[in-house]
S.K.: 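Would you mind keeping the following structure in view while I ask a few things?
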Amino acid sequence: MAVAAPGQLNLDESPSWGSRSVDCFEKLEQIGEGTYGQVYMAKETETNEIVALKKIRMDNEREGFPITAIREIKILKKLHHQNVIQLKEIVTSPGPERDEQGKPIEGNKYKGSIYMVFEYMDHDLTGLADRPGMRFTVPQIKCYMRQLLTGLHYCHVNQVLHRDIKGSNLLIDNEGNLKLADFGLARSFSSDHNGNLTNRVITLWYRPPELLLGSTRYGPAVDMWSVGCIFAELLNGKPILTGKNEPEQLSKIFELCGTPDELIWPGVTKMPWYNNFKPQRPMKRRVKESFKHFDQHALDLLEKMLTLDPSQRISAKDALDAEYFWTDPLPCDPKSLPKYEASHEFQTKKKRQQQRQAEEAAKRQKLQHPPPHSRLPPIQNPGQPHQIRPGQPMHNAPPVAAGPSHHYAKPRGPGGPNRYPQGGNQGGYNPNRGGQGGGYGSGPYPQQGRGPPPYPGGGMGGAGGPRGGGGSGYGVGGPNYQQGGPYGASGPGRGPNYNQGGSRNQQQYGNWQ
Ligand SMILES: Nc1ncnc2c1ncn2[C@@H]1O[C@H](COP(=O)(O)OP(=O)(O)OP(=O)(O)O)[C@@H](O)[C@H]1O
């Protein structure tokens with residue numbers, strides 16, 4: 001489909017939008033619950049295609065069709081990219097079925113509503129990361145980050161700010177593709193940034209300092225701060241800036257990134273809310289110190305993303321050029337990533353809640369029927385030949401219900417276990433730098449000036465690919481690196497080209513602008 005010029009609607013879409021009924025789909029299960037409506041997995045009855053239906057919540061809308069939905073539809077209609085969720089169509093339901101007296105029938109499958117039909121994605125990043133025992137490998141993190149930045153760069157050159165980058169809005173399918181979703185807060189912007197935009201956007205933990213200081217003139221840098229938070233979260237295993245409210249969020253940012261002054265952020269003292277939130281004492285930047293376990297290239301990139309002054313913060317385009325993506329261990333090919341059972345934040349939260357309820361019920365039961373005093377001899381049940389003592393092996397024990405035998409992590413949260421590699425180089429780091437052999441120039445990614453980011457050669461992924469649990473099994477072959485693989489020849493490689501005019505990205509994205 002043709003891509004509309006920046007700021008324009010794509011008029012090339014199907015004329016039938018909104019003309020089909022939601023009855024063309026069979027609702028399978030709820031997979032999401034957002035501020036603006038529920039999301040269902042559904043099957044198109046005619047084609048059996050699995051899709052996601054996002055119901056547009058109308059109940060609180062005194063003023064008609066919600067503006068967030070209008071924005072989301074308008075923006076998604078003009079964005080067409082492999083790292084941006086595809087809005088396939090809009091469907092409607094005529095309204096509740098009525099009984100003979102004209103009263104709406106309870107439990108009607110779809111009450112009168114409007115649904116957005118999206119391509120279905122198996123996971124969101126938060127849901128995936130929350131899977132018990134989940135550990136992302138370094139090539140996997142690089143692969144997701146690279147796709148996130150590619151999708152975001154596409155949005156930015158098309159003059160769209162996402163304004164709600166967070167894990168649950170990054171959808172991943174079982175082909176390893178990552179796509180930006182939830183454009184409910186997105187906006188078109190003009191490159192002169194003169195707009196008077198709201199600063200009440202972006203989920204608090206991912207919100208940049210300029211918005212917290214009241215800026216209403218901002219640009220793509222706001223999304224890049226959120227990307228920095230996600231990046232650090234992926235490497236760190238848990239969110240890094242977890243304020244409970246806006247002042248606390250800002251003070252957490254200052255504790256990590258230092259207090260801003262006119263020297264490092266010209267104009268900061270003139271920001272609308274600077275005086276309200278002025279730091280009491282100067283603090284030093286501690287990004288390097290706090291994340292010293294990250295590898296050097298990861299840390300360099302993170303520093304550039306978590307730059308306080310938005311005008312100095314790295315862009316998506318330049319981030320894609322960072323050494324991080326071009327040094328071992330290289331980003332893996334999305335297709336080499338393991339396939340996981342579907343996991344969306346909504347479902348993992350629900351499972352955890354059910355687990356908590358079961359634990360509480362068990363606790364209550366224990367209180368009501370306390371076990372006999374430990375000193376008393378155990379009561380022998382009829383038919384139970386021996387009492388099993390701690391440490392004694394349990395023969396004939398029932399199999400442990402559901403789940404693999406490996407270690408299960410506790411639910412996520414501050415203080416919880418890390419779901420991600422501890423050190424940047426952990427797991428499969430291959431010190432052999434090769435001839436940039438891998439890559440997938442013929443794949444869905446646009447070509448870059450110094451060739452696409454190379455992937456480890458044929459040894460990458462495959463049967464022993466990166467599965468959670470320490471990251472062994474990837475970054476395999478020294479020899480494969482050197483051989484170049486199917487893509488090696490197409491890329492000019494780095495070396496001398498790197499600093500010459502015309503960065504990779506100019507070539508890569510030039511045709512979108
Ligand atoms: N195309 C899709 N495929 C699979 N799951 C999806 C899809 N779109 C959304 N979801 C799931 O539904 C959740 C909520 O979707 P979305 O963020 O679009 O709704 P929202 O109402 O805008 O939510 P929020 O309150 O987070 O802004 C997502 O986190 C994701 O788990």
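First listed ligand is number 1; within each ligand, the first listed atom is number 1. Position 1 is the first residue of the sequence, and the numbers go up from there. Predicted, not measured: the structure shown is a model, and the values here were computed from it.
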S.K.: Report the nearest protein non-hydrogen atom to atom 28 (C) of ligand 1: residue, atom name, distance rounded to 0.1 Å.
M.R.: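 It is Ser168 O, 3.5 Å.
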S.K.: Measure the distance from atom 19 (O) of ligand 1 to every protein heavy atom, then report the residue, atom name and distance (to 0.1 Å) of the closest one.
M.R.: Lys54 NZ, 3.3 Å
S.K.: Report yes or no: do His123 and Asn174 form a side-chain donor-acceptor pair below 3.5 Å?
M.R.: yes
S.K.: Against heavy atoms of Phe118, which atoms of ligand 1 measure under 4.0 Å?
M.R.: 1 (N)
S.K.: Under 3.5 Å, is there a donor-acceptor pair between the side chain of His293 and the main chain of Leu235?
M.R.: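 Here the side-chain-to-backbone pair does not exist.
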S.K.: Decide whether Asp23 and Ser93 meet the rule of one side-chain donor and one side-chain acceptor closer than 3.5 Å.
M.R.: no
S.K.: Applying a 4.0 Å heavy-atom criterion (strictly less than), which segment of Thr68 is in contact with ligand 1: side chain, backbone, both, or neither?
M.R.: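 It is neither part, as no heavy atom is under 4.0 Å.
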S.K.: Using 30° and 60° as the class boundaries, would you call the ring planes of His162 and Phe183 parallel, tilted or perpendicular?
M.R.: perpendicular
S.K.: Below 3.5 angstrom, do we get any N/O pair linking Glu72 and ligand 1?
M.R.: no
S.K.: Hey, what's the ring geometry for Phe294 with Phe291, parallel, tilted or perpendicular (30° and 60° as the breaks)?
M.R.: parallel
S.K.: Considering only the protein, which heavy-atom contact is closest to atom 8 (N) of ligand 1, and what is its distance?
M.R.: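 Looking only at protein heavy atoms, the one closest to atom 8 (N) of ligand 1 is Leu171 CD1, 3.6 Å.
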S.K.: Would you find a donor on one side and an acceptor on the other, under 3.5 Å apart, between the side chain of Gln147 and the backbone of Gly176?
M.R.: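 A pair under 3.5 Å: yes.
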S.K.: Using a 4.0 Å cutoff against the non-hydrogen atoms of Gly32, which atoms of ligand 1 qualify?
M.R.: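 Listed by number with element, the hits are 12 (O), 13 (C).
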S.K.: Do any nitrogen or oxygen atoms of Glu345 lie less than 3.5 angstrom from nitrogen or oxygen atoms of ligand 1?
M.R.: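 There is no such contact.
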S.K.: Just jot down the ligand 1 atoms closer than 4.0 angstrom to any heavy atom of Ala52, in number order.
M.R.: 1 (N), 2 (C), 3 (N), 7 (C)
S.K.: To the nearest 0.5 Å, what is the distance between CD1 (Ile85) and NZ (Lys179)?
M.R.: 6.0 Å
S.K.: Which protein heavy atom lies closest to atom 1 (N) of ligand 1, and at what distance to 0.1 Å?
M.R.: Glu119 O, 2.8 Å
S.K.: Determine, for Lys88 against Glu49, whether the closest basic-nitrogen to carboxylate-oxygen distance falls under 4.0 angstrom.
M.R.: yes
S.K.: What part of Met41, side chain from CB on, backbone N/CA/C/O, both or neither, has a heavy atom under 4.0 Å from ligand 1?
M.R.: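 It is neither part, as no heavy atom is under 4.0 Å.
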S.K.: Heavy-atom contacts with Ile85 under 4.0 Å: which atoms of ligand 1 show up? List them by number with element.
M.R.: 1 (N)
S.K.: Name the closest protein heavy atom to atom 21 (O) of ligand 1, giving the residue it belongs to and the distance to 0.1 Å.
M.R.: Gly34 CA, 2.9 Å
S.K.: Under 6.0 Å from the ring centre and within 45 degrees of the ring axis: does the NZ or CZ of Lys142 meet both conditions for the six-membered ring of Tyr324?
M.R.: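 Yes.
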S.K.: Using a 4.0 Å heavy-atom cut-off, which part of Leu185 comes near ligand 1: side chain, backbone, both, or neither?
M.R.: neither
S.K.: Which ligand 1 atoms does Asp124 reach within 4.0 Å, using its non-hydrogen atoms?
M.R.: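 Here the atoms of ligand 1 in question are 29 (O), 30 (C), 31 (O).
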S.K.: Nearest heavy atom to atom 9 (C) of ligand 1: which of Val39, Asn169, Leu170 does it belong to?
M.R.: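 Among Val39, Asn169, Leu170, the closest heavy atom to atom 9 (C) of ligand 1 comes from Val39.
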S.K.: Looking only at protein heavy atoms, which one is nearest to atom 4 (C) of ligand 1, and what is the separation?
M.R.: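 It is Met121 O, 3.0 Å.
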S.K.: Just by distance, do the side chain of Asn199 and the backbone of Gly214 share a donor-acceptor pair under 3.5 Å?
M.R.: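 Yes, Asn199 side chain to Gly214 backbone: donor-acceptor pair under 3.5 Å.
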S.K.: Verify the distance criterion only: is there a donor paired with an acceptor across the side chains of Asn196 and Thr216 at less than 3.5 Å?
M.R.: yes
S.K.: Any nitrogen or oxygen of His344, main chain or side chain, under 3.5 Å from a nitrogen or oxygen of ligand 1?
M.R.: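 Yes, since at least one N or O of His344 sits under 3.5 Å from an N or O of ligand 1.
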S.K.: Considering only the protein, which heavy-atom contact is closest to atom 27 (O) of ligand 1, and what is its distance?
M.R.: Asp182 OD2, 2.6 Å
S.K.: Could you tell me whether Lys27 sits above the aromatic face of Tyr40, with NZ or CZ closer than 6.0 angstrom to the six-membered ring centre and within 45 degrees of the axis?
M.R.: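 The answer is yes, since Lys27 meets both limits relative to Tyr40.
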S.K.: Atom CG in Leu79, atom SG in Cys155: separation rounded to 0.5 Å?
M.R.: 5.0 Å
S.K.: For atom 25 (O) of ligand 1, what's the nearest protein heavy atom and its distance?
M.R.: Thr35 OG1, 2.4 Å
S.K.: Can you tell which part of Lys166 has a heavy atom less than 4.0 Å from ligand 1: side chain, backbone, both or neither?
M.R.: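 The side chain, only.
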